[in-house]
Amino acid sequence: MSGYDYDLFTIGAGSGGVRASRMAASLGARVAIAEERYMGGTCVNAGCIPKKLFAYAGHYGEDFEDAVGFGWQRPVASFDWPLLVANKDKEILRLNGVYERLLVAAGVGVMRARARVLDPHTVEVDGRRISARHILVATGGWPVVPDIPGKQWAITSNEAFHLPVLPRSVVVVGGGYIAVEFASIFHGLGVQTLLSYRGDCLLKVFDADLGSFLGAEMRKKGVRIELRSHIEAIERRGERLACSFSGGQVVETDAVMYATGRAPHTRGLGLEDAGVELAANGAVLVDDHFQTSVASVHAIGDAIHRVQLTPVALAEAMVVADRLFGDGRRTLDYRNVATAVFSNPNVGTVGLSEAQARDAYADIEIYRTTFTPLKHRLSGRAENTLMKLVVDKASDRVLGVHMVGAEAGEIIQGFAVALTCGATKRQFDATIGIHPTAAEEFVTLREPVSQ
Ligand code: NDP
């Protein structure tokens, strides 16, 4: 196919890199992939998968309590953190093997080493120069901790997955996905948890109702949430850490975890020397086809810092493989990417927020309901669910579906199909609900609450 060693050389065996490599190989390309850290990347090793396992663990404490209202005697539950970490690591090891076997079975050459780009068609791996017709940068991202005195005492999600001992107290900093997920996990495991966020409303990239409703539910459960809160310094005091807040307050805690965003993991890869342009935050700049400023170099996933979600990286990977080795017809539409936050309770969302819809459409209708789920009628738990629809009045199209409540991610996935198909409110209304479920509320919302 070419005079190069490979048709495609992928740097990074995370979700995007593995998918692009397998797909390219299935289209007949000669492919190699280099991975310096762990097979499967962030999602498998320090993200989605271990986080969801921890989120399940965190929920059991409530499940035991809830069972009492259904006639169960409450078990004497004690929690074994090292066992959870070990079992999680076992599952990750299994998945590492699955990823490697998938690559090998597809005929992809796997190199367990760091790769560096030397020029538009050459990478260096373990001191060896390898030529490739195309290079794909899929190196993911890495947590960022702001530069404050004592930042070296803080952990990030990377370390939280491997703590030798579960702290008795934790301060979690941030108001995004990872902050609310880990605050929920720690609290669920019995850790005294303070969530410190600099803004007014958690999860600010979503519909504002989601963050404020989630914050209220988390507070009810006992998570302390401080808004407009800034840590100025962290100091070590024996075994403990002291966080100094801007108002003068000092909070002593066992651990401080920063969840203040993730930056593209692209430095030191030789990209700039090879002519590949990066943004100030390290994001590889790409066009609509994921091509960089160097024609033979493409980039996808967290390395381009568009949408930091595994399924999006997978979709980007498919577009690149198809463009380079297929018929090039595959495209990617970033609208209506559904997403879930595995906080307790969960958040699920797809489409436009109320604020985005008000900006883009002349006349919108909002349908909104809050209710106590049936289960909690007997459990006695004071947890409510929020559901919200944003509708364009002129076309009757449903623009956004938003939820805070149990299994929100599972529920919103189906509604994402409806939005992708352009469903109207009338079609939602014509859909027969499944009773008794929470999800049926989305097809029985009759009266708009505001216009
Ligand atoms: P997010 O971008 O979601 O949130 C970062 C948070 O940190 C924001 O609340 C931000 O505040 C705050 N922040 C940023 N800089 C500072 C600073 N200097 N000082 C104080 N606070 C600061 O990032 P995460 O780290 O939570 O997660 C990274 C990405 O990973 C997510 O955006 C998401 O795409 C992905 N992810 C997806 C998950 C899922 O699908 N369930 C789970 C976890 C992560 P402000 O709001 O004011 O900007």
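Atoms within each ligand, like the ligands themselves, are counted from 1 in listed order.
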Q) Are Asp322 and Arg329 close enough for a salt bridge, meaning some N to O gap below 4.0 Å? A) no
Q: Anything with a heavy atom under 4.0 Å from ligand 1 counts, so go ahead and list those protein residues by chain and number.
A: Lys51, Pro146, Gly174, Gly175, Gly176, Tyr177, Ile178, Glu181, Tyr197, Arg198, Lys204, Ala259, Thr260, Gly261, Arg262, Gln308, Leu309, Ala340, Phe342
Q. Between Glu272 and Arg267, is there a salt bridge with N-O shorter than 4.0 Å?
A. yes
Q | Donor-acceptor pair between Thr370 and Asn384 side chains, under 3.5 angstrom | A | no
Q: Sort and list the pairs that fulfil salt bridge (charged side-chain N to carboxylate O under 4.0 Å, His left out) and have at least one residue in residues 34-50, not counting sequence neighbours.
A: Glu36-Arg114
Q: Just say parallel, tilted or perpendicular for the rings of Phe161 and Phe54, cut-offs at 30° and 60°.
A: tilted
Q) Are Glu354 and Lys388 ion-paired here, with the side-chain N under 4.0 Å from a carboxylate O? A) yes
